Amino acid sequence: MEVKVKGIGTTNEGDGYAVLLSDMEETKVLPIVVGPFEAQGIISILKDYEPPRPMTYDLTKTLCETLEGYIEKIVITDVREDIFYAEIYLQSGGVTHKIDSRPSDAIALALRFEAPIFINFQLVEFTCDYEDLLDEQ
């Protein structure tokens with residue numbers, strides 16, 4: 001299922017961040033907890049902030065482009081013991097490379113490449129209704 005980054009919020013405890021991935025109709029949301037540096041990497045691209053020096057994700061994008069590669073898509077593939085897993089599909093030289101990744105890193109790169117973001121269908125059970133999420137805030 002294709003999803004989009006709806007935003008980033010704080011966790012219930014207020015000491016962490018969660019990337020909010022919504023379905024395209026914005027009826028379901030999948031929150032994925034990320035660290036503060038990863039959150040900053042995602043927030044910077046969402047807010048069109050250009051740091052004075054390239055962030056790691058910007059450097060990675062430049063490296064890919066220099067080598068004539070690009071991100072085709074990313075897929076959030078699984079969750080095990082509360083840890084989410086993702087794959088980056090990198091196209092280079094006519095070959096697609098599937099690369100294991102943390103979801104936060106994959107999302108940050110997908111946003112920079114304007115690549116689609118998908119979640120495996122079994123992860124739908126971890127989503128919540130968008131309206132329920134709004135009620136909590």
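Remember, it's a predicted structure, so these values are computed and weren't measured experimentally.
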In the single-linkage hydrophobic clustering (I, L, V, M, F, W, Y; side-chain heavy atoms under 4.5 Å), do Ile74 and Val79 co-cluster? yes
Please examine the side chains of Cys64 and Leu109, heavy atoms only from C-beta on, and report whether any two atoms are closer than 4.5 Å. no
Using modelled atom types and a 3.5 Å cut-off, is there a donor and acceptor pairing between side-chain atoms of Glu65 and backbone atoms of Gly69? no
Verify the neighbour count for atom CZ of Phe113: are there more than 12 heavy atoms of other residues, nucleotides or ligands below 6.0 Å? yes
Hey, is NZ on Lys98 packed in by over 12 heavy atoms from elsewhere, all under 6.0 Å? no
When every non-hydrogen atom of Gln122 is compared with those of Thr77, the smallest separation belongs to NE2-O, 3.1 Å
Verdict with reasoning, Asp78 to Asn120, per side chain to side chain contact (heavy atoms under 4.5 Å, CB included): CA-CA 7 Å; Asp78 200 5; Asn120 275 349; 5.9 Å; no
Between Gly41 and Ser44, which heavy-atom pair has the shortest distance, and what is it? O-OG, 3.1 Å
Working for side chain to side chain contact (heavy atoms under 4.5 Å, CB included), residues Leu21 and Val5: CA-CA 5 Å; Leu21 299 176; Val5 177; 3.8 Å; yes
Can you give me the closest heavy-atom contact between Leu67 and Ser92, atom names plus distance? O-OG, 3.8 Å
So do the side chains of Val29 and Lys6 get within less than 4.5 Å of each other, counting heavy atoms only? no
Quick one: pull up CD1 in Ile45 and CE in Met55 and give me the separation to the nearest 0.5 Å. 10.0 Å
Give the cluster check for Phe121 versus Met1: same hydrophobic cluster or not, with ILVMFWY residues linked at side-chain heavy-atom distances below 4.5 Å. yes
The reported gap from OG1 in Thr96 to CD1 in Ile71 (rounded to nearest 0.5 angstrom) is 10.5 Å
Between Ala106 and Ala86, which heavy-atom pair has the shortest distance, and what is it? CB-CB, 4.1 Å
Heavy atoms, side chains only, cut-off 4.5 Å: are Lys4 and Ile117 in contact? no
If two hydrophobic side chains count as joined below 4.5 Å and joins carry through other members, does Val3 share a cluster with Leu30? yes
Are Phe84 and Ile99 linked, directly or through other ILVMFWY residues, by side chains that come within less than 4.5 angstrom of each other? yes
Would you name the heavy atoms of Tyr70 and Leu90 that are closest together and state the gap between them? O-CD1, 3.4 Å
Run Gln40 and Tyr57 through side chain to side chain contact (heavy atoms under 4.5 Å, CB included) and show every step you take. CA-CA 11 Å; Gln40 184 59 42; Tyr57 303 115; over 6 Å; no
Assigning hydrophobic clusters by single linkage (Ile, Leu, Val, Met, Phe, Trp, Tyr; side-chain heavy-atom cutoff under 4.5 Å), is Tyr85 placed with Tyr89? no
Separation of Ile42 CD1 from Ile8 CD1 (nearest 0.5 Å): 4.5 Å
Glu2 to Met24 - nearest heavy-atom pair and separation: O-CG, 3.7 Å
